[in-house]
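One structure is given below, encoded as structure tokens.
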Amino acid sequence: MASYFGSIVQHSLDALLEDESFLPDLKEQDREQAFTSLTAILSTPNHIHKSFLRIALENGKVVRIPAFRVQHNNTLGPYKGGIRFHESVNEEEVMNLASLMTLKNALHEVPFGGGKGGVVLNPRDYEVKELHQICKKYVHYFSDILGPDKDIPAPDMGTGDREMDWMMAEYKSIRPGTTYRGSFTGKSIINGGSLGRREATGKGVYFTYRYMMHDFMNENREWLDAQENPFARTALNHDRKDLKMAIQGFGNVGSVAALEAYRCSHLNNKIVAVSDRNVTIYNEEGLDIPALVDYTANNEGDLPTTEKELAGLEMKAEILDREKVLYMDVDVLVLAALEGQIHKDNVDQIKAKIIVEGANAPVTGDADKYLADNGVIIVPDILANAGGVIVSYFEWVQGRETQFYSEEQIFEKLVEKMEETMVTILPQFFGDPFPLRQNCYIHAVMKLSTVLYRQGKLY
Ligand code: GLU
């Protein structure tokens, strides 16, 4: 398994192979063989679908746009995962993201498998009519492999409820008579979407951090103090302190997580920096997050980029280069932008001791190891950013039942589900020397392996 994902899965399987309490019926040669089968199953996707969407642009030109749907694994249920519109999309990336979805769903007991889609384009370069056509063509080309019981896409980077509404409508016209509501999640409320879905990822990201640094800490302070584990030291060093925070990305995930952090009465957060594709905004005394959220809502999602715009908000802050957010002298860094942001060439400049992954795969393998060796706690993507797919699951259930929950009920259920995972994972993590990412992988792989074994798929 070449990828970073692959190497952690392999490490998890190696640890489980040694652990005789796991699948105790499997012994000696049978055990070796079953684990070899597991490696083969988890390291490769079930299907990679690729098409070139034929699109007639508004200027009359016809273009072909590469599009993917990767179906990694459906052991636990229909494939599930977003569709990304971004110019850097490629087959390997979609494959890795699909694998992450398999583990994310397994980790949080969401009854779905893992999939991911991608279209190679920058949505800002296209007219609305063209984007509409692209969405329709995507569904058209992949209609045989999608469906509420087969593979259920959702928004990801560059897509949102508008795209899901268009796609669901296209699915409905191609497959009339099917229960189309469950074919896509992340739809607008009026189209069968779930209340709270838009905020779900950001809320979940903040919740994982708050749960660890407040709820878990309050109940386990003494126990933590008795642990040899370096990560327990890091947590205790930040206990009941003012926590300076920087947030990379101020989109759907970062801005919601920022608001949650700003409003949280359980922890003393001070958000000193936020960034987007243009700038980092910094104020040592803390930023007025609600004012920035309002500003971006009226400025196509962008943060202020000039002194004049800041003055218009009556806000005192410095405008810095966008990547500066990563290197701030803070306690907590939330990564809610793109993947691969912290890598071997910049990892030694990172000062935060707690990193929360709102984006998928924002830390590369080399950097992850370096940070873990330095006692940095990384709350990994599959743990922290699962709020989106969890509420997608609630949306899918609501669409089937045609009964809808209130926003309050959704957030309650979301927190309950994420708490169940945290309750299992955190004692394991703080009790042994593996980083949190590895613990999450082990847990997810355990679940998948047990199901595969019981289904007789390992021999
Ligand atoms: N794209 C989101 C993710 O990476 C959500 C997927 C979903 O809701 O199915 O988790």
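Remember, it's 1-based here, ligands and their atoms both numbered in the order they're listed. Only this structure's heavy atoms are used, side chains among them; waters, hydrogens and symmetry mates stay out.
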G186 touching ligand 1 at heavy-atom level, < 4.0 angstrom: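 Judged by the 4.0 Å heavy-atom criterion, G186 does not count as contacting ligand 1.
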Test item, M101 contacting ligand 1 (heavy atom, 4.0 angstrom): yes
With distance as the sole test, does [X] use its side chain to make a donor-acceptor pair with the main-chain N or O of [Y] at under 3.5 Å?
{"X": "N229", "Y": "F429", "answer": "yes"}
{"X": "T280", "Y": "D321", "answer": "yes"}
{"X": "H49", "Y": "G117", "answer": "no"}
{"X": "N105", "Y": "G114", "answer": "no"}

Ligand 1 to I152 polar contact by distance, N or O atoms, under 3.5 Å: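 Such a contact does not occur with ligand 1.
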Polar proximity ligand 1 side, N385 side, N/O cut 3.5 Å exclusive: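 In fact, backbone or side chain, N385 has no N or O that close.
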In terms of residue, atom name and distance, what is the protein heavy atom nearest to [atom]?
{"atom": "atom 7 (C) of ligand 1", "result": "A154 CB, 3.3 Å"}
{"atom": "atom 1 (N) of ligand 1", "result": "D156 OD1, 2.7 Å"}
{"atom": "atom 5 (C) of ligand 1", "result": "R197 NH2, 3.6 Å"}
{"atom": "atom 3 (C) of ligand 1", "result": "K104 NZ, 3.4 Å"}

Proximity of N360 to ligand 1 by residue part, where a heavy atom lies under 4.0 Å: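 The answer is the side chain of N360.
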Cationic N near anionic O, under 4.0 Å, K116 to E93: no
Y126 and F85 aromatic centres sub-6.0 Å: no
Cation-pi, F411 ring and K203 (6.0 angstrom, 45 degrees): yes
Residue S392 vicinity, atoms of ligand 1 by number, heavy atom under 4.0 Å: 7 (C), 8 (O), 9 (O)
